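Worksheet for the structure shown next.
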Amino acid sequence: MDLYERLKAAQEAARKAGRLILSSRDFTVHAKALHDYVTETDAASERLIREYLLSRFPGDDFFGEEGGGSNESTGRWIVDPIDGTNDYIRNIPMYSVSIAYERMGQIVLGVVYAPALDEMYTAVRGEGACLNGERIRVSPMSDPGTAAFGFSANVRYPGMHDTTVRILSDLLLTCGDLRRFGSAAYELCQVACGRIEGFFEYGLHIYDIAAGVLILTEAGGSARGWSPEEDVLKTCSICASNGILQDYLSGIVHL
Ligand code: IPD
């Protein structure tokens, strides 16, 4: 029961943050690192979500992209206040707010909200996944030749460029289409609701993927790391799919 209270609160927090994000177009862009940008809106969104959730559940811990926080607890929120800040800066509408709840080391609840599109993706472990309250499933497509995959080209990791070029070349020869949405959380939800068949990116962070991976797996998809033995939620290099095309995609997306 308390999980459903948290799910409701996470959706409320995401909608409140969404309203703030949509009404804050007057910001300064700061570089956190090479090709890694942040605005005052990211910090304000995280502050709002943190205050809202911790006022409702004072015993919980909180870990956010901008403010950090506790890494070890029995229950903590994992939050990316704007996933796809580059999209947000450029007014491309596919950025999202990502909120996950982890209990005893397991992600048990995920909310990804794209405010500019008013798309609310939700999942509770073992209970399936929804888009705006309607149940979603991954695509049944099994032919790579007609499948579409989302990806990021890892501009932040120059050492990965050769690998990225090799992967893209192999995919261009065999798959149906490639897409780049700009928010890993949103892209995982696009696989979850069957709009695309897979998504991959090297070197993400737990706050980018925690909610999206749960939503995807609850919708029938799968999420692996870039090598068979790795735990995707530890390395955060992700190769995700509708499940049916996982072996095809993992056969190409690796170091
Ligand atoms: C970014 C998005 C993007 C991915 C970047 C991430 P941020 O998150 O998820 O899709 O390609 O690697 O950093 O920084 O905008 O929260």
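These values consider heavy atoms only, across backbone and side chains, with no hydrogens, waters or symmetry-generated copies. Note that this is a predicted model, so its numbers are computed, not measured.
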Check whether the side chains of [X] and [Y] place a donor and an acceptor atom closer than 3.5 Å, and report yes or no.
X: Ser55; Y: Glu51; result: no
X: Glu201; Y: Ser237; result: no
X: Asp42; Y: Thr85; result: yes
X: Glu12; Y: Tyr52; result: yes
X: Tyr248; Y: Thr174; result: yes
X: Tyr88; Y: Thr41; result: yes
X: Tyr95; Y: Asn86; result: no

Whether Trp226 and Tyr202 hold their rings parallel, tilted or perpendicular, with breakpoints at 30° and 60°:
perpendicular

Strictly below 4.0 Å, N to O, side chains only: are [X] and [Y] in salt-bridge contact?
X: Glu102; Y: Arg6; answer: no
X: Arg180; Y: Asp87; answer: no
X: Arg50; Y: Asp60; answer: no
X: Glu40; Y: Arg47; answer: no
X: Arg166; Y: Asp162; answer: no

Under the criterion side chain to side chain donor-acceptor pair (under 3.5 Å), I'd like the reasoning laid out for Asp61 against Trp77: C-alpha separation, chi angles, the key distance, then a yes or no.
CA-CA 6 Å; Asp61 283 324; Trp77 296 96; over 6 Å; no

